[in-house]
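Each chain gets a letter, A, B and so on, in the order the sequences are listed, and its residues count up from 1. If you're wondering where the values come from, they're calculated on a predicted model, not measured in any experiment. When reading the values below, keep in mind they use all heavy atoms of this one structure, side chains included, and skip hydrogens, waters and symmetry mates.
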2 protein chains.
Amino acid sequence: MAHWQEISGGVTAPRGYQAAGITAGLKPSGLPDLALIWSNVEAMAAGVFTTSQVKAACVDYCRQRLQAKHSARAILCNAGQANASTGRQGVLDAQESAEILAGELKIAPESILLASTGVIGQRIRMDALRGGIPKVVAALSETGSDAAAEAIITTDLVKKSIALETTIGDRPVRIGGIAKGSGMIHPNMATMLAFVTCDAAVSSHLWQQMLTRAADQSFNAITVDGDTSTNDSLIALANGQSRTPAITEMGAEAEKLEAMLTAVCQHLAKAIARDGEGATCLIEVQVTGTYDQVSARQIAKTIAGSSLVKSAIFGRDPNWGRIAAAAGRAGVNFEQDDLQIKLGDFLLLENGQPVPFDRAAASAYLKQIADNSSLPPGLGERTGQRVDNPVIIAVNVGPGHGFGQAWGCDLSYDYVKINAEYTT
Amino acid sequence: MAHWQEISGGVTAPRGYQAAGITAGLKPSGLPDLALIWSNVEAMAAGVFTTSQVKAACVDYCRQRLQAKHSARAILCNAGQANASTGRQGVLDAQESAEILAGELKIAPESILLASTGVIGQRIRMDALRGGIPKVVAALSETGSDAAAEAIITTDLVKKSIALETTIGDRPVRIGGIAKGSGMIHPNMATMLAFVTCDAAVSSHLWQQMLTRAADQSFNAITVDGDTSTNDSLIALANGQSRTPAITEMGAEAEKLEAMLTAVCQHLAKAIARDGEGATCLIEVQVTGTYDQVSARQIAKTIAGSSLVKSAIFGRDPNWGRIAAAAGRAGVNFEQDDLQIKLGDFLLLENGQPVPFDRAAASAYLKQIADNSSLPPGLGERTGQRVDNPVIIAVNVGPGHGFGQAWGCDLSYDYVKINAEYTT
């Protein structure tokens, strides 16, 4: 049973936060393209960034900032140009962005974190950004989360937002988050961004630990097409404005907070996976029976990322052979005679061997999930949230107590169409 | 300059080999489905097999055989049923196959190696196999390579065969090979098989070492969709019938033999990659500048396996951003300012930053490769060999002397169609 409830408000649901999203003229489309998240007080800041060797200037910038100082007050995010593979000029552009914003907000540049998404190899349109920064500051509002969520997306079909509330010491504590997915419709676009706000009082060291673990169980457990971006960033602030007792070490309250943080990250990660290009459904892979969690997650991710499994789900095909083959090549040792595979309620493989099952009914299960997973009204304005009911693939590989999950989406004609037909 | 020439004859080009391929009634299609390769004398035998945890009975069988005895006289391969995920009965079926064949050939069962390809979870149709074994033995011929090459394929569009000749001590030495690809049109089908024959005299230990290294630079350097099979097997025989001096340690002659073995394996591996489902062209990725070969190959394979890169090539899109992003996430450290990317003759990225290039001409280069890469006449009979002129992606990541290659194919609508629409 979850110890929290869903509330509205996204990143501005926790106390002491404002947000804004405006059109600064960065995107050629004229859609909103500049977002700002602002904490009324200095907040503990933690981050998890792309492990790619090819990194955007904002990623290097944030890493250096967070190494020097574990707190921040603002996150500025531009969409349109990724500011990756832009060399020394890209670094200067990032620094200038922070300085202009610091001047507007009347804070030190060291309290500003940056994120970018858009076309790799392109500098940020600095003229537009210089004009946009005062506007986005002026637009800050305690109900600005949706505007910010809209300004950070590029080719996503829907906005991604969540807020949860629990109690610590009888007082409400809230965590909110917004994200954009790895929608890569335009050539060279590929970024996953997520921004999380929290009003608990938590030490910076603990907050970073919690975020790292939460990322492993959420953003690091999804796969759309296996391509990690140059700009992937997850940034989380915790500003203490809930006025709850400070959490400085692990214990019941820390665990409660971390569980809610993980839930926020998992919601956003699943929304990203569901919004994979051309996808018709979300796939959740649950792996049990390993001797540790990492191995279970590794198997789950290999299955969720298999092009053959993804194609089979798109074809509504209960193809256990492809699931077994993906599990087998995940790099985790297990006895094949221990392998069990379930698809929804259908047992497909037991003791490493196929068992009779109703293929038509299993196929109908897959079809029904996809049919019920269509976009709700409001897609045109990108205001809708997708229905997240996933196809469940459950795999047991042995007697161990390890458990891991991963999420992905099916592979459709439209994926190829989207990624092949936007020729330069 | 290569020290060998291409000859005809496939696995029966080297002296002392016969082969056959017949229709035993294993495939529902009625196409040839049982192949035999036979050496007139006991041959040194080496093998490289799938690393999957879910392995076919024939893989376990061969591994055990080759651990006990490093020589063999025959390779029997059935197509139609993979004999994977078939438990104890599958093991018994494999043993019975070897015993029946041993009786027909009047040799010990220990001199027989086995391979299977087809539907995972299905036992071999033993009635058909029992009837087929005497027929395939009767059909053995010194010109039987093509028949064998045809009997091992499942959903491949073309047969895959090669033979090369060089001289050692002024006498001709030959290596031949046949292969089948990871054509996975039918649900649960997924196997890469390659059989190599050689008439050099070489010690079994050295032969295994050569084969392992050759596999790393060929079969382990291709990717169609990243899915490793339950049945993948590469088996190589060397029977000494060239009457050349025995090669028992590394040296000039061993290197010459290994280079030719590697060339045979690379030809077959590229033919498999080119024949990837729905592919319109072969992609060759060449990586330089690492500090070791393994790292270079790892980057090359990551690029060749990227769905985004593959989609871009299908879209004839010179999309360096996706190539850079794939290189960056390959798990190899490099300075992004050292990154250089070429597509054919077009320089796209230098010192980590984009350089101006003629996009239309680069796109035309991709289109021309695909147009010239169509199937030659004879496809209907699966007799043609594809033209293997690849799209070349050349990436340099630094000052090191490491070099590695990988091969793949583009990702087309037809891949999804083939893998999604064969619903069970």
Side-chain angles (χ1 to χ4, degrees), chain A residues 50-55 85-87 119-121 184 187-188 190 225-230 305-308 311-312 314-322 324-330 332-337 339 349 351-354 359 363 411-413 415-417 419-424, chain B residues 50-55 85-87 119-121 184 187-188 190 225-230 305-308 311-312 314-322 324-330 332-337 339 349 351-354 359 363 411-413 415-417 419-424:
Chain A
T50 181
T51 56
S52 176
Q53 295 295 307
V54 180
K55 292 183 294 289
S85 294
T86 46
V119 183
I120 297 175
M184 311 186 194
N188 298 343
D225 52 19
D227 272 282
T228 305
S229 150
T230 51
S306 159
S307 293
L308 287 173
S311 301
F314 175 62
R316 316 305 170 215
D317 179 10
N319 194 319
W320 61 266
R322 294 184 185 175
R329 70 177 167 84
V332 176
N333 288 331
F334 62 84
E335 292 296 322
Q336 61 176 324
D337 289 347
L339 191 61
L349 194 82
N351 301 324
Q353 292 180 55
R359 281 185 180 271
S363 182
L411 175 60
S412 72
Y413 301 127
Y415 175 87
V416 179
K417 182 168 180 164
N419 283 296
E421 290 201 344
Y422 279 72
T423 54
T424 46
Chain B
T50 181
T51 55
S52 175
Q53 296 295 308
V54 180
K55 291 183 296 287
S85 295
T86 47
V119 183
I120 297 175
M184 311 184 197
N188 299 342
D225 53 20
D227 272 283
T228 305
S229 150
T230 52
S306 158
S307 293
L308 286 174
S311 302
F314 175 62
R316 315 305 169 218
D317 178 11
N319 194 319
W320 62 265
R322 295 185 184 174
R329 69 175 167 85
V332 177
N333 288 331
F334 63 83
E335 292 296 323
Q336 60 176 328
D337 289 347
L339 191 61
L349 195 83
N351 301 323
Q353 293 181 56
R359 284 186 177 269
S363 183
L411 175 61
S412 72
Y413 302 127
Y415 175 87
V416 179
K417 182 168 182 167
N419 284 297
E421 290 202 345
Y422 279 72
T423 54
T424 46

Structural part of B/Thr50 lying under 4.5 Å from a heavy atom of chain A
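For B/Thr50, no heavy atom lies under 4.5 Å from chain A.
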Say you draw a straight line from CG of A/Asn319 to CD1 of B/Ile120; how long is it, rounded to the nearest 0.5 Å?
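One gets 8.0 Å once the value is rounded to the nearest 0.5 Å.
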Between atom CG of B/Leu308 and atom OG of A/Ser229, what is the distance when rounded to the nearest 0.5 Å?
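With rounding to 0.5 Å, CG (B/Leu308) is 10.5 Å from OG (A/Ser229).
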State, to 0.1 Å, how close [X] and [Y] come at their nearest heavy-atom pair, and which atoms those are.
{"X": "A/Trp320", "Y": "B/Gly121", "answer": "CH2-CA, 3.5 Å"}
{"X": "B/Ala325", "Y": "A/Ser52", "answer": "O-OG, 4.3 Å"}
{"X": "B/Pro354", "Y": "A/Ser85", "answer": "CD-O, 3.3 Å"}

Between A/Thr51, A/Val332, A/Asn351, the one whose heavy-atom pairs under 4.5 Å with chain B are most numerous
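Sorted descending by pairs with chain B, the first entry is A/Val332.
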Start with the C-alpha gap between B/Gln53 and A/Asn333, add the side-chain angles, then the distance that decides, and say whether side-chain contact (heavy atoms from CB on, under 4.5 Å) holds.
CA-CA 6 Å; B/Gln53 296 295 308; A/Asn333 288 331; 3.0 Å; yes
Which portion of A/Leu411 sits near chain B, non-hydrogen atoms under 4.5 angstrom
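When you check distances to chain B, atoms from both the backbone and side chain of A/Leu411 fall under 4.5 Å.
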